[in-house]
K.L.:
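One structure coming up, written as C-alpha cells, with questions to follow.
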Amino acid sequence: MRTEYQFREIEKQWQSFWEKNETFKSQINKNKPKYFVLDMFPYPSGAGLHVGHPLGYIASDIISRYKRLMGFEVLHPMGFDSFGLPAEQYAIQTGQHPAVTTENNIAKYIEQLKNMGFSFDWSREVRTSDASYYKWTQWIFMKLFNSWYNQETDKAESIDTLTEILTKKGSVNLRAVCDEELPRISADEWNSYSEDEKYKYILGYRLAYLDDSVVNWCPAMGTVLANDEVKDGFSERGGYLVEQKKMRQWSMRITAYADRLLTGLDEVDWSDSIKEQQRNWIGKSIGAEVTFDIENVIDKKIKVFTTRVDTIYGVSFMVLAPEHEWVDSLTTQEQKSAVAEYVKWTQSRSELDRVSEVKQISGVFTGTYVTNPVNDERVPLYLADYVLAGYGTGAVMGVPSGDQRDWNFATHFDLPIIPILDAQKGIEKQADATKEGLYINSGIINGLSYKEATNTLISWLEQRGLGKGKIQYRMRNAVFSRQRYWGEPVPVYFKPTSSGELLPYLIDESDLPLELPKIDKYLPTETGEPPLGRASMEWKYKNQYEYEWSTMPGWAGSSWYWYRYMDSQNKDEFASKESVDYWKAVDLYIGGSEHATGHLLYSRFWNKFLKDLGLVHEEEFAKKLINQGMIQGRSNFVYRVKDSEKVTFVSYGLKEKYQIAALHVDVNIVENDILDVDAFKKSRNDVPDDAEFILEGGKYMCGWEVEKMSKSKYNVVNPDDLISKYGADTLRVYEMFLGPLEQFKPWNTNSISGSHNFLRKFWRLFFDENTQAGKLVDETASADELRVLHTAIRKVKDDLDRFSFNTVVSTLMICVNDLGQLKCHKKSVLRDLLILVSPYAPHMAEELWVALGELPGQISYAKFPEFNPAFLNEESFKYPISFNGKVKLTLDFSSSASSNEIESGVLANEQVIKILAGVSPSKVIVVPKRIVNIVLGK
RNA sequence: GCUUGGGUGGUGGAACUGGUAGACACGCAGGACUUAAAAUCCUGUGAGCCGUAACGCUCGUGUGGGUUCGAUUCCCAUCCCAAGUACCA
C-alpha cells in the first residue's frame, strides 16, 4: 500500500486491475434497473486526442460511475466511427490501405482513453469499418429498400403489403410517400404489368431508392455531399467549392418521417437550440397550393405554394425559378433572347457570387401571362433568382403589398402594389405582412378576417379543383451515395430487364456482409466512376452482375450504433431481442452540438424506422442529450520589439512603450502566463542566446487570446502531458471544475494546481505527507463531522442529478477543507466521502479504499451514501435582517419559531432598535428559513 | 434579418422555485515554518469613502426603465458577444 500520493503508479496499477478483472463489464441483469450512458463515438484521426476531446467522456464517465453507485446496471461503451475521409485521403497520397491507418489511429485512441481511467466496457467496442459491424448497416439498408411508408398507418411497412394493396386497389387512392412523378394506376393496370414493370414501379415507393436528383457535387473531392455537409456553397470538410449537378443516386426517403421527426422533439430532453435547429431544418410550412392557368397554353398549369393564400387577390406578378424546366416553353418569341441571357447570367454566377453578393434585384419578363384563379386577372410571368427551384414548386406568386421580396421586385419592375387588408400601413414605402384587419380589394373574402379568409379560400379552391391546403417541408430526402472507397458497400447489384434496362436488386441476405474489395488505387476510375469501379473486373455478384460502386455516407454507420453496443458480438442479429428488451434506448447521450442536423437527425430517422419494423422499442433513441461545449484554445503571445539592434522581447505589461510585433508562443512553455525564457530560447532557432528580455517584476509576462485550438497557433494542450504531470484524476477533476459542461470555454491550464491540491489535501486526511504515517482512526463521528459530510452528500447527489459537474467539485473541496479543519481522520466519515469522490477521481478512490481496509475494486459497486437530514443541525437558523432590502445584521432564531415570534424577537433586538432610531416600521416581512425584511416609510 | 444561448471581481466561475451577490478555485499581497528553497499552514483580497482603529457608510451582476417589502433572477426597451441559419414563398 502506498502512503504517498504517487499518482502515476496508482493510476497505472488500477487501470490494469480494472482491465484484468473486467470491473466494468456490464450484462443483462433483470434485478437491477438499467442505465445506458452513451458518448458520441469519435472518428479516430491521426492527431490523437487533445484536451478538449475528453470533456464529454469525463462527464459521461462520472455519471456512469455515479449510476453504478446508485444501484443501476450501467451500459457505458466506446467505439469508433472509423469510416471516413482522412484515412482515404491519406491512402490516396501514400497507397496505404485505409484499414491500416485506421487500425493504428484506433490503437492510439484506445491507449489515450484508457489512460484517463474511463470505465468503458471495452468488450463491447464497435468499429463501423469492421465487416462484422457493417454487415448490419447493410442489413438495415436492405430493410429500408424493402419498405415503403404507408401514410394510412403512419409507419413504414414491408413492400409485401404494398404489392397486396396494388393488386387489389391500385394506387389511385393510395396514401403513401413516393416519387412525385410516379403515375397513379388502377389495380387492373398494375395486374397487367410484367414482373419487370411491377418491380420498376415499386422502386418509386421504397424508402431507399435510386433517383436522378440534383445533388451537391464536389468536383475537388469527386463525390456528392449531403445538405448538412455543405456550408455556404462549400464543403464542410476541406472547404471545396460545391456545385449542383443532376446525378443518379441512392436516397433515403427521410421526408416520410418529417412530421414524426418534428413531433418527437417534444418528448425528448434535448437543448432548445438543438431542437430548434432540427425544427428549422425540417422547416414545416402550412399553406396552400394554387394552380394558375397559363394564357395560350393548354397542356400546362403552374402550381405555386404559398403560406399566405389569403393574399391571393394582391397578386400582381408571378415568378419562376430560372432553373425551372418550363422556362423555354413558356417564353414568348420576343423575350427569347432576354430570357436566354438572364438564364445564362444566373448560371454563370458561381455559388460564391450568390453568397457574397449583396441582395440585388434581378429578373426578366417571359412575355407570358398567367391567370389568377380567384379573379381571372392577367398576371405577368417573370423569372427571378430569388425563387429557388428546389423548394416548393419552384414558382411563387408575387404579392408586393404583403411580402418584402415581392415588394422589392414589384418596385424594381414597376408592377402594381395592391393593398389587401385595411390594416396594412405604408405599403408605398415597404411591404406590410400583417394579418390584422379586414380584407379589401379581395372579392369573395372582402370584410373577412385572416382566419376566416384562409379557410374560405382553401375550400373555394378545393371545390373547383384549383388548389388545396398543403404542408410543405424544407427538408429534402437524404442523398445516400458517396463516390468514395472507405465506406460501407451498398448491398445492391444491377440486373438488366428483358428490354436491357438495369434495375437494382438486393443481394441475398446470406451473402452479407458485402465486403470492400481490394483496389489498386483509391482514386476514381479513368472514366470518372467511383473507386470501387476499379475492382469491377473480378468483383461481381454471382460472377456476373455489376455491384453498386458508390458507398454509403459517413452517417450510415453512426445511425444505429447504440444498438450494436447492446450485443456487439452477435453474429446472427444486429442485437438480440433479449438485449434490446433490456437496454431499450439511450438514457443519457453526451456529445457535441455540431451534429444537430446531421447525425442526430439521421439517427432519429433510422430509429423510428427500426421501431416501425418492431425491432426496437422506443420512438426516440436518446431521451436526454447534453451537448458539451467546445473547448477553445488559449494562445499565448510574446512581443518582439521592432527595429531594435538586438533581438528583444518586451513583457506584456510594458509593451505599450514600444513598437512591437506579437508572436504566438507555445503554451506548453508558459505557466500562469509567465514565460519560461530558457525554454523559449531553446525552442526557437531565430532567438539567439543573447536575446534581450524586458521583464516586469523579474518575469516575462505573456499576452493571451482565445482562438481555435490548432497546431499553427501553438495552443494545443495534450492530455497525456497533463496526466504525466498531475495525473488523470487531477485532469478529470479539473476539466469538470472549469465551468458548466455545456458552456464554450477556452482551455487554460493555469489553475489546474487547485484541483491537484484538492486531491492531495484529500489524501492527507488519510496519510501524513511528511512521515507517511497512516492517520485513520476508528472513532465514531462527531456531530460537526456528520453535518459537514451530509451537507456534501446532499449537494453532490442533487448536483449530479442535474448534471452540474462543476459545482460538485466545489462541494467536495468544501467538505475536504472542513474535515481538514476538524482534523477528521475517522474511517466512517472518510469512507462515505471517498465514495462521493470516486466518480471524479476513481484511481485515488480505489487506492484509499484499500487503505480503509475494504476489498480492492469494490468501490465501483459500493452503495452511494444515504443523506440523513437529522445530521444537518437545523435547530436554529441565522436570519439576515434587512431594512428595505439591505441586510444590516443577522440574528439566530430557533427553527421552530413562528413568524410572529421572530418578528417580535427582531423588533426587540437592541441593534435593530438602534438602527430604527425611533421610526416604527410600516411592515415586517418574515420568510421562514430565508430572511427578515423590515420595511420603513412608504 | 431570424433562431438559440450568454454578458457577475484581475481570471475561471457560484448563487436550484425572487430572499445575506461574488461560494469554490486561480492569481495577487502579507505572515508562520525552514540555514535556504520547495511543500504545507494562517490572514487578507469587488470598487470607493470616513476614520488611529473597532465600527460604519455609499456604489456594485452590460445599459435605461418597470413590477416587488426585496431583482443577477421576472417584465419592457436597448447595446454587445457566441453559435446556428436564411432570398424557404
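To find a chain, count down the sequence lines: A is the first, B the second, and so on, and within it residues start at 1.
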K.L.:
With sequence neighbours left out, write down each residue that passes ring pair (Phe, Tyr, Trp, His ring centres under 6.0 Å) with Phe7(A), or none if nothing qualifies.
P.N.:
Tyr5(A), His756(A)
K.L.:
Should we count CD of Glu594(A) as having more than 12 external heavy atoms under 6.0 Å?
P.N.:
yes
K.L.:
Would you call Arg279(A)-Asp272(A) a salt bridge at under 4.0 Å N-O?
P.N.:
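The answer is no: the pair does not qualify as a salt bridge.
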K.L.:
Find the distance His756(A):NE2 to A25(B):P and express it as a whole number of Å.
P.N.:
16 Å
K.L.:
Quickly work out the Ile274(A) CD1 to A82(B) P distance and round it to whole Å.
P.N.:
20 Å
K.L.:
So Lys284(A), base contact, sugar-phosphate only, or nothing? Heavy-atom distance under 4.0 Å.
P.N.:
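Nothing, no heavy atom under 4.0 Å.
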K.L.:
Answer with base, sugar-phosphate or nothing: what part of the nucleic acid does Ser810(A) contact at a heavy-atom distance below 4.0 Å?
P.N.:
base
K.L.:
With a non-hydrogen cut-off below 4.0 angstrom, is Asp403(A) in contact with a base, only sugar-phosphate, or nothing?
P.N.:
nothing
K.L.:
Is the side chain of Lys797(A) donor-acceptor paired with the backbone N or O of Phe867(A) at a distance under 3.5 Å, no angle test?
P.N.:
no
K.L.:
Looking at A89(B), I'd like to know if its phosphate oxygens (OP1 or OP2) sit under 4.0 Å from a side-chain N or O belonging to Tyr391(A).
P.N.:
yes
K.L.:
Side chain of Asn817(A) only, heavy atoms from C-beta on: which candidate in A14(B), A25(B), A89(B) is closest?
P.N.:
A25(B)
K.L.:
Describe the nucleic acid contact of Asp406(A) in one word from base, sugar-phosphate, nothing, applying a heavy-atom distance below 4.0 Å.
P.N.:
nothing
K.L.:
Would you mind classifying the nucleic acid contact of Phe744(A) as base, sugar-phosphate or nothing, using non-hydrogen atoms under 4.0 angstrom?
P.N.:
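If one applies the 4.0 Å heavy-atom cut-off, Phe744(A) turns out to touch nothing in the nucleic acid.
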K.L.:
To the nearest Å, how far apart are Ile931(A) CD1 and U20(B) P?
P.N.:
5 Å
K.L.:
Now, which nucleotide makes the Watson-Crick or G-U wobble pair with A23(B), with each of the two distances under 3.5 Å?
P.N.:
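Checking every strand shown, A23(B) finds no partner, since no pair has both distances under 3.5 Å.
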K.L.:
Looking at C41(B), which nucleotide sits across from it as a Watson-Crick or G-U wobble partner, both distances under 3.5 angstrom, or is there none?
P.N.:
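Per the H-bond distance test, G31(B).
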K.L.:
Roughly, in whole Å, what's the span from NZ in Lys878(A) to C1' in U20(B)?
P.N.:
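Nearest whole value for this atom pair: 12 Å.
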K.L.:
Would you say Gln821(A) places a side-chain N or O within less than 4.0 Å of OP1 or OP2 belonging to C42(B)?
P.N.:
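True: Gln821(A) side-chain N/O within range (under 4.0 Å) of C42(B) OP1/OP2.
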K.L.:
Taking a pair as Watson-Crick or G-U wobble with both distances under 3.5 Å, which nucleotide is matched to G46(B)?
P.N.:
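Across any shown strand, G46(B) pairs with C59(B).
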K.L.:
Look at all strands and tell whether Asp798(A) reaches a base, only sugar-phosphate, or nothing, counting heavy atoms closer than 4.0 Å.
P.N.:
nothing
K.L.:
Can a donor-acceptor pair be found, under 3.5 Å and without considering hydrogens, that links the side chain of Gln424(A) to the backbone of Asp432(A)?
P.N.:
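It does hold such a pair.
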K.L.:
Any base atoms under 4.0 Å from Glu594(A), or only sugar-phosphate, or nothing? Heavy atoms, all strands.
P.N.:
nothing
K.L.:
Centres of the Phe409(A) and Phe317(A) rings: under 6.0 Å?
P.N.:
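Between Phe317(A) and Phe409(A), which both carry aromatic rings, the centre distance is below 6.0 Å.
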K.L.:
Look through every strand shown and name the nucleotide pairing with U72(B) as Watson-Crick or G-U wobble, where both distances are under 3.5 Å.
P.N.:
none
K.L.:
Tell me what Lys929(A) touches on the nucleic acid: a base, only sugar-phosphate, or nothing, going by heavy atoms under 4.0 Å.
P.N.:
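Since no nucleic acid heavy atom lies under 4.0 Å of Lys929(A), the category is nothing.
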K.L.:
Using a 4.0 Å heavy-atom cut-off, does Asn757(A) contact any base of the nucleic acid, only the sugar-phosphate backbone, or nothing at all?
P.N.:
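If one applies the 4.0 Å heavy-atom cut-off, Asn757(A) turns out to touch the sugar-phosphate alone, with no base involved.
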K.L.:
Look at Arg405(A) and C88(B) and indicate whether a side-chain polar atom (N or O) is within less than 4.0 Å of OP1 or OP2.
P.N.:
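Yes, within the criterion.
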K.L.:
What's the CD1-P distance between Ile752(A) and A25(B), to the nearest Å?
P.N.:
16 Å
K.L.:
Would you mind reading off the distance between Lys745(A) atom NZ and G6(B) atom C1', rounded to a whole angstrom?
P.N.:
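Atom NZ in Lys745(A) sits about 14 Å away from atom C1' in G6(B).
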K.L.:
Describe the nucleic acid contact of Gln743(A) in one word from base, sugar-phosphate, nothing, applying a heavy-atom distance below 4.0 Å.
P.N.:
sugar-phosphate
K.L.:
Atom CZ of Arg474(A) to atom C1' of C87(B): distance rounded to whole Å?
P.N.:
13 Å
K.L.:
At 4.0 Å (heavy atoms only), tell me whether Arg634(A) reaches a base, stays on the sugar-phosphate, or touches nothing.
P.N.:
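It contacts nothing in the nucleic acid.
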K.L.:
Counting only side-chain nitrogens and oxygens, does Asn280(A) get under 4.0 Å of the OP1 or OP2 atom of A86(B)?
P.N.:
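Asn280(A) to A86(B) OP1/OP2: no side-chain N or O under 4.0 Å.
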K.L.:
Which is more 5' along RNA chain B, the nucleotide nearest Ser285(A) or the one nearest Ser751(A)? Just name the residue.
P.N.:
Ser751(A)
K.L.:
Have a look at Pro740(A) and say if it touches a base, only the backbone sugar-phosphate, or nothing, with a 4.0 Å heavy-atom cut-off.
P.N.:
sugar-phosphate
K.L.:
Enter syn or anti for the glycosidic conformation of G9(B), syn applying to angles within 90° of 0.
P.N.:
syn
K.L.:
Report the nucleotide, chosen from U4(B), A25(B), U40(B), that has the shortest atom-to-atom distance to any side-chain atom of Met813(A).
P.N.:
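So the side chain of Met813(A) is nearest to A25(B).
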K.L.:
On a whole-Å scale, what distance lies between the C1' atoms belonging to A77(B) and C88(B)?
P.N.:
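Between the two C1' atoms, the distance is 31 Å.
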K.L.:
With distance as the sole test, does Asn909(A) use its side chain to make a donor-acceptor pair with the main-chain N or O of Val912(A) at under 3.5 Å?
P.N.:
yes
K.L.:
According to a strict under-4.0 Å criterion, is Lys888(A) in side-chain N/O contact with OP1 or OP2 of C57(B)?
P.N.:
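Result: yes.
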K.L.:
Under 4.0 angstrom, heavy atoms only, what part of the nucleic acid is Ile925(A) near: base, sugar-phosphate, or nothing?
P.N.:
base
K.L.:
For the side chain of Asn933(A), starting at C-beta, report the closest nucleotide among G13(B), C69(B), U3(B).
P.N.:
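In terms of side-chain proximity for Asn933(A), the closest of G13(B), C69(B), U3(B) is C69(B).
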K.L.:
Nearest whole Å is fine: how far is U4(B) P from Arg279(A) CZ?
P.N.:
10 Å
K.L.:
Between G22(B) and U73(B), how far is it from one C1' atom to the other, in whole Å?
P.N.:
15 Å
